[in-house]
Structures are given as structure tokens and as C-alpha cells.
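FYI, the numbering just counts along the sequence from 1. All values below come from the heavy atoms of this structure, side chains included, with hydrogens, waters and symmetry mates left out.
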Amino acid sequence: MTKEVNLIQKLKHHFGFDTFKGDQEAIIRNVLAGKNTFVLMPTGGGKSLCYQLPSLIMDGTAIVISPLIALMKNQVDVVNGMSEEDGVAHYLNSSLNKAAIDQVKSDIVSGKTKLLYVAPESLTKEEYVEFLKMCKISFYAIDEAHCISEWGHDFRPEYRRIRPIINEIGQAPVIALTATATDKVRTDIKKSLNIMDATEFKSSFNRPNLYYEVRQKSAKDVDKQIVKFIRQNAGKSGIIYCLSRKKVEELAAVLCANEIKAAPYHAGLDSQTRSTTQDDFLMERIDVIVATIAFGMGIDKPDVRFVIHYDIPKSLEGYYQETGRAGRDGGEGKCIAFYSYKDLQKLEKFMEGKPVAEQDIGRQLLQETAAYAESSVCRRKLLLHYFGEEYNEDNCGSCDNCLHPKTKVEGENALLIVLKAVLAIKEDFRSDYVIDFVKGVATDDIVAHKHDRLEEFGSGEDEDPKLWNPVIRQALIAGYLRKDVENYGLLKLTSAGKRFIKKPSSFMIVEDKEFNDDDDEEMLEGQGSALDPELYAMLKDLRKKVAKKSGLPPYVVFMDGSLEQMATVYPVTLEELQNIQGVGAGKARKFGKEFVELIKKHCEENEIERPEDLRVRTVAKKSMLKVKIIQSIDRQVALDDIANAQGLEFEDLLDEVEAIVYSGTKLNIDYFLDEVMDEDHVDDIFEYFRESDTDDLNVAMEELGDDYSEDEVRLVRIKFLSELAN
């Protein structure tokens with residue numbers, strides 16, 4: 001009894017807590033008893049305390065192997081901040097200079113340092129190995145232990161070298177800790193670290209306070225959806241994950257343009273910038289971080305209220321860990337992921353060139369992610385099943401599939417076909433093979449195994465082909481099938497599955513969600529446009545009136561495409577008008593006032609509620625080429641010289657310049673026209689466009705005759721549109 005009080009006293013003394021969370025106390029007692037320990041605890045469950053407290057109690061120095069410098073610094077600061085003297089915790093990594101390294105060694109030798117954080121790369125350095133051989137090691141803690149396994153979502157080859165290095169430094173108990181590990185990964189970790197005898201502590205993966213949702217990702221409006229969501233959650237902290245640094249930068253710029261306090265975070269930024277951004281986020285000077293997966297592992301911010309995945313992650317482990325950064329204080333946490341089949345194809349393409357075994361693993365992990373995204377089953381049930389945990393509630397009430405359930409259909413016959421097929425092919429193949437087999441698709445693989453000759457081949461060809469994926473996924477959840485842990489992905493029958501074959505019964509399933517391809521969706525949106533025909537007609541009348549008053553052709557005031565967009569998104573300020581295609585700041589100031597007033601009046605009279613997500617400001621994405629062209633014209637460089645400098649044909653350069661002018665940017669090319677064209681020719685062509693109802697080049701060439709070259713007409717049209725339209 002005294003020992004127990006003593007442990008609580010130590011907890012109170014060092015960390016200020018009165019009680020342990022979950023399995024913490026049992027884990028710490030196991031470590032103190034000198035036993036190997038395996039800890040599977042979700043993000044936010046308090047893993048770090050499981051090695052921090054015993055290190056402060058035991059003799060010697062505990063070595064914590066961790067993959068992230070940011071995480072080390074954060075935890076060392078926390079431990080030292082709680083201690084009466086400096087040097088209780090240290091880290092050794094590539095960021096330290098020689099003087100700092102000498103100080104660390106001195107503190108360890110003097111017995112002051114109880115906790116030493118080391119990157120796996122540093123641990124293998126000969127000078128450190130030789131030094132640590134002379135020190136008393138209390139135990140080794142391997143954090144983010146899933147990095148050991150090729151089946152983990154963040155495999156690092158240097159983690160495979162940890163056990164040989166431990167053997168070299170000196171034997172001591174090992175505690176391996178991870179927030180995400182399937183059965184396969186768990187076995188892998190224990191084998192690699194040679195701790196098959198470890199006592200296992202597995203906490204529940206259920207985070208009841210998190211809400212999960214997967215949305216169709218359309219290139220056209222995902223930014224708008226995100227801005228709208230953040231506005232609805234104004235002032236709350238959130239993290240948005242993107243796969244590429246480029247998208248991180250672009251999205252952060254869009255958020256800032258929409259007056260959202262956001263900043264980008266990725267490995268390409270210098271360490272000072274990253275450090276400042278982390279501090280700004282923790283101190284709530286900014287609300288939203290847009291990041292690659294490099295962010296968040298070292299940040300212990302309990303009140304992150306939403307995590308958005310702009311791109312679907314490469315694995316469910318990664319997804320679970322990243323969503324786990326929301327609501328760590330037990331409060332609200334919304335987890336939104338955007339999914340499109342194109343993203344999946346892109347991720348598969350990234351794997352090309354990698355070793356075949358690695359590609360195979362990567363594809364299977366991707367399939368699990370796709371299954372999660374496309375399924376209509378409770379998302380909580382799917383996630384927990386993936387991590388080997390049963391969730392028996394019919395409706396979790398906190399995911400999109402449970403809040404908007406799909407109608408169930410009878411799947412008894414389909415399940416029977418699948419189970420018999422798995423048995424017929426000797427339980428030796430994965431789900432995609434089984435699906436081809438029941439559909440009667442004679443793939444090279446199936447023919448090679450002579451499975452096309454089996455009676456069960458094609459037994460499901462009369463069923464809806466879209467049924468097979470949900471049937472197999474839901475059979476796994478229901479316990480009729482299982483995936484082999486050692487040979488990941490091979491489908492095996494359970495005893496319940498064998499009983500079902502003998503005595504089939506009702507098996508209700510929900511069909512998968514259908515995700516459109518981006519292009520198809522955009523095509524459909526174009527056909528079913530939300531254009532307001534009444535407003536469009538009024539805008540055309542106003543354009544005619546303004547054009548007449550200004551003595552200009554109507555298309556110079558606003559192009560048809562611009563009017564169509566105005567009649568769809570209802571801009572009511574000059575600022576909003578500039579988001580319309582082909583409307584620059586100059587054009588908005590010159591012609592915009594009457595148009596936005598008309599739109600505003602129309603909205604008020606007809607009680608039109610303008611959707612908020614259509615008022616999102618975009619960030620102009622000028623390519624580097626366009627920027628160079630604009631800068632060169634501003635410096636009055638001859639257009640043929642610009643073409644040569646950029647390696648373009650002159651006609652291609654004119655295409656680029658026209659695109660710039662049509663998008664609403666004003667360019668002054670008079671300096672070039674003065675050099676290469678007759679003044680009268682310029683005036684004649686300019687006057688033609690002033691009188692014409694169209695800016696069509698073919699019509700212009702026909703009307704103007706053979707006196708003018710096509711290049712001349714195009715050049716003057718650029719001058720005309722730039723001066724009068726922008």
C-alpha cells in the first residue's frame with residue numbers, strides 16, 4: 001500500500017497530477033519492475049508520462065529514441081520546466097554544437113540527467129555509442145515505435161538498427177510506445193526489438209468526442225468549402241493537412257486572403273520560421289496551421305477543434321494519428337477528409353520506382369484508406385476494427401454515415417458466394433483477386449492458377465458488381481472473414497464464416513458511397529448551372545446601356561463569361577466583383593458600381609440568400625512565365641526580345657500576353673507599337689475594334705482585309721482591350 005501512495009506522491013511532486021490516466025500506473029510499475037513493456041495508446045492518452053516518471057525515479061539515465069527534433073525540444077523543455085535544477089532532461093541530435101554536446105555529456109556523467117532524448121540516426125554514431133557504454137542506462141524507451149515496421153505509416157530504416165545498438169551499449173529493459181499499430185505492425189515491432197516477452201498494454205482507440213466525415217473532393221470548390229467551414233468555426237484552433245508543400249503554401253495564402261489567421265508549415269521552411277509558427281499556434285496568435293504531415297507530432301495543444309485532410313492520407317494509421325490531434329482535452333473535435341479517386345491514383349503513382357515489396361505494402365495500405373472513405377458503414381466502427389477493436393453500437397451518432405445512414409440491402413446471397421469462393425481458392429488470396437474471381441473476370445493471375453476452371457468461378461456475375469467491396473468489408477467487420485496477420489491481406493474464413501456456409505441467414509449491408517471523378521462532376525455542374533436567367537438578362541441590358549454611354553462595344557465593358565459568373569455568384573461589392581473572371585481592379589473601378597448595385601437590389605427584392613462559400617477570395621496564381629512577361633513589359637523590353645529570352649515563338653508570346661490582358665491586367669505596349677507599326681495602321685485597327693460587336697480575330701481579319709498582318713491585328717487588340725477594358 002505504501003508503494004502505491006509513494007508512486008502517487010512522485011506523480012504529484014514531479015508533474016503536479018493527483019491521479020494517473022488509464023493504464024499509466026500499471027505501465028510505470030511494469031517498467032520499474034525491470035520488465036520489457038509494449039504500450040499502444042492513442043494520441044493524447046499520456047504516453048510520454050509512462051517513461052518520464054520512471055526515469056526520474058530509477059537510477060541512471062533513460063534513453064528515449066524519438067524521430068522528431070521538434071518533439072524532443074518540446075518534451076525536454078517540459079521536463080526541465082518542472083524540475084528545480086537544469087539538465088534533468090537533455091537531447092542529442094544534429095542541431096547541437098560541440099559545446100552543447102559536451103555539456104550534455106558532463107550532466108550525464110555527473111548523474112544529473114535522468115532522461116536523454118536521441119534521434120535514431122544520432123544513436124548509431126560511434127562517438128555516442130562509446131560514450132553511452134560507460135553510462136548507467138536505466139531503460140530504453142522507443143517512441144513512435146511504428147517507424148520500425150514496413151507496415152507502419154512512417155517506416156524509417158534506421159529504426160531497424162535500434163536493437164543491435166542496444167546490444168552494443170548495454171542491456172536494459174525496453175519500453176516501446178506507439179499511438180497507431182495494427183496486429184501486423186505490433187508483431188513486427190516486438191520481433192525487431194527482440195521483446196516478444198513484453199507485457200502489452202493496449203488502450204481503447206475510441207475517441208468518443210471526435211466527429212468523422214469524408215467529403216467528395218472537387219477541384220472547383222474544396223478551398224471554398226474549407227473557408228466556409230473555418231468561418232463557421234471562427235476563432236477555433238485547427239490543422240489542415242496537405243500532401244505537397246506547394247498546396248500548403250497556396251492554401252495558407254487563400255486563408256490569409258480571406259482574413260483567416262493562418263500560416264504554412266512544412267520541412268522546406270527554415271527552422272526559425274517553423275519554430276515561430278509553432279509558438280504562434282500554441283500562443284493563439286494564429287488559428288490555423290496548414291501543414292504537411294511533418295507538423296503536429298511534437299505539438300501538445302489540447303484544444304485543437306478541427307483537423308482537415310485536404311488530401312486523403314496514405315494509410316489509416318497516419319489518418320488516425322493526425323485526426324488524434326483534435327480534441328485532446330476531451331472537448332469537441334471535428335475531423336473532415338476530402339476524397340477523390342484521382343488523389344488515390346496520384347499516390348499510387350508516387351510509389352513507382354520503389355522496391356516491389358514496398359509498393360505492394362503501400363498499395364494495400366492505400367486500399368484500406370479507400371475502403372474507409374468509400375464505405376457507408378459507421379466510420380468509428382471501421383477505424384476501431386482496423387486497429388483490432390470491436391465497436392458494438394449500431395449508430396455512433398458522431399460520423400457522417402451514422403447521421404445520414406443509407407438504406408440497408410439484403411446481402412445474404414452475396415456473402416455466401418464470397419465465402420464459398422474464398423474456400424474454393426484455398427484462402428490464399430486478397431480481396432481484389434476474390435472479387436475478380438466471383439465476377440468471372442479471367443485475369444492472367446486467375447488463369448495462371450487455373451482458378452477459371454473451378455465451379456465457383458463467375459458465381460456472382462449476376463449480382464451488381466458494386467456490391468462486392470462492401471460485402472467483403474462488412475463480412476470482415478461482422479467476423480465472417482479475417483485478414484491474415486503474417487501474410488497481410490489474404491482473406492481467411494473464421495469459424496463463424498464456416499457456420500454461415502452451412503446455415504446462411506440474413507446479412508444486411510449498406511452499399512458504398514459513389515464518388516464522382518472531378519472532371520465528370522465539373523461537366524455536370526456546367527450542365528446544371530445555377531445561373532440566374534432573370535439577373536443575366538438585366539446585366540446584359542445594363543452592359544448595353546453602359547457601352548453606349550461610353551462609346552464602346554459591349555464586350556469591352558464585360559465579357560459574356562463575366563456576366564454569367566455575376567449572375568451565378570451575386571457579387572455585391574467592388575471587392576467581390578474582382579473575384580469574377582476577367583475583372584481586374586481597374587475594370588471594377590471603371591464599370592463596376594452600377595453592376596454591383598443592380599445585383600444587390602435584385603438579391604434584396606427576390607430575397608436571394610447568397611451562399612457564403614461563393615464569396616471566398618481567391619489568390620491570383622500567376623505562373624512564373626506570366627510574371628516575367630509583365631515585368632519585362634513594364635521595363636519596356638521589346639516583345640520579340642522577351643519571346644527569345646523565354647524560348648517562345650512570337651505567336652506563343654502573344655497568346656500569353658492576351659491571356660494576361662483578358663484576365664483583367666493592364667499592359668502598356670505602346671513603346672513596342674511605336675517601333676514596329678505604322679501609326680495610321682494602329683489607329684485604323686483600334687477604330688475597327690471600337691466599332692465592332694466582337695473581338696473575334698477571324699472576323700477582324702476578314703473585315704480589315706489584306707492590308708494588315710495577323711500579328712498587327714493581335715497587337716492592337718491587346719492595346720485596345722488593355723486601355724478600354726481594364
V572 and K600: which non-hydrogen atoms are nearest, and at how many Å? CG1-CA, 3.8 Å
Please assess D311 against K217 for the test salt bridge (charged side-chain N to carboxylate O under 4.0 Å, His left out), listing each intermediate value before the final yes or no. CA-CA 9 Å; D311 306 287; K217 182 179 181 180; 2.8 Å; yes
So which atom in D303 and which in K301 form the shortest heavy-atom distance, rounded to 0.1 Å? OD1-NZ, 3.0 Å
Any chance the side chains of H404 and D400 put a donor and an acceptor closer than 3.5 Å? no
Minimum-distance pair of heavy atoms, taken over all atoms of A326 and V307: CB-CG2, 3.8 Å
Any luck finding a side-chain donor-acceptor pair between R635 and Q631 under 3.5 Å? no
Nearest heavy-atom contact between V682 and V716 is O-CG1, 3.7 Å
Would you find a donor on one side and an acceptor on the other, under 3.5 Å apart, between the side chain of N258 and the backbone of I260? no
Sub-3.5 Å donor-acceptor pair from the side chain of R379 to the main-chain atoms of Y372, do we have one? yes
Of T292, L347, I312, D343, the residue whose pairing with L243 passes side chain to side chain contact (heavy atoms under 4.5 Å, CB included): L347
Between A267 and R274 the two heavy atoms that sit nearest each other are O-NH1, 3.4 Å
Of all heavy-atom pairs linking I240 and L255, the shortest is CD1-CD1, 3.8 Å
Say you draw a straight line from CZ of F306 to CD1 of I239; how long is it, rounded to the nearest 0.5 Å? 9.0 Å
Quick one: does any side-chain atom of D270 pair with a main-chain N or O of Q272 as donor and acceptor, under 3.5 Å? yes
Does anything in residues 626-648 form a ring-ring contact (aromatic ring centres under 6.0 Å, His included)? List the pairs, not counting sequence neighbours. none
Find the distance between CD (E284) and OG (S237) and round it off to the nearest 0.5 Å. 5.0 Å
Any donor and acceptor pair, going by atom type alone, linking the side chain of K513 with main-chain N or O of A373 inside 3.5 Å? no
Do D560 and Y536 have side chains that get closer than 4.5 Å, going by heavy atoms? yes
So M538 and L598, do their side chains get closer than 4.5 Å, heavy atoms only? yes
Please lay out, stage by stage, how E213 and K334 fare under the test salt bridge (charged side-chain N to carboxylate O under 4.0 Å, His left out). CA-CA 8 Å; E213 181 182 340; K334 292 177 181 171; over 6 Å; no
Would the distance check show the side chain of R328 and the main-chain N or O of V304 forming a donor-acceptor pair, the cut-off being under 3.5 Å? no
Angle between ring planes, Y555 versus F720, binned at 30° and 60°: parallel, tilted or perpendicular? tilted
When you compare the side chain of Y211 with that of I336, does any pair of heavy atoms fall below 4.5 Å? yes
Distance in Å, L673 CG paired with E679 CD, rounded so as to fall on 0.5 Å steps: 11.0 Å
Is there a side-chain contact between T276 and D280, using heavy atoms and a 4.5 Å cut-off? yes
Look only at the side chain of R543 and the backbone of F558, and say whether a donor-acceptor pair between them is shorter than 3.5 Å. yes
Under a 3.5 Å distance rule, please check whether E703 uses its side chain to pair with a backbone N or O of V699 as donor and acceptor. no
Is there a donor-acceptor contact under 3.5 Å from the side chain of S550 to the main chain of L552? no
For salt bridge (charged side-chain N to carboxylate O under 4.0 Å, His left out), just list the numbers for D512 and K466, CA-CA rounded to whole Å, side-chain angles, deciding distance to a tenth of an Å, and then say yes or no. CA-CA 8 Å; D512 280 356; K466 293 201 286 275; over 6 Å; no
Any donor-acceptor pair under 3.5 Å linking the side-chain atoms of Y212 with those of N401? no
CZ of R589: more than 12 outside heavy atoms within 6.0 angstrom? no
Y320, Y241, F338 screened by ring pair (Phe, Tyr, Trp, His ring centres under 6.0 Å) with H309, the one that passes: Y241
Test your reading of the model: is there a side-chain donor-acceptor pair from S722 to the backbone of L667, 3.5 Å cut-off? yes
Indicate yes or no: at least one non-hydrogen side-chain atom of D532 is less than 4.5 angstrom from one of I608. yes
Under 3.5 Å: donor-acceptor pair, side chain of S692, backbone of Y688: no
Working note: E651 + R714, criterion salt bridge (charged side-chain N to carboxylate O under 4.0 Å, His left out); need CA distance, chi angles, decisive distance, verdict. CA-CA 10 Å; E651 286 70 24; R714 290 180 76 182; over 6 Å; no
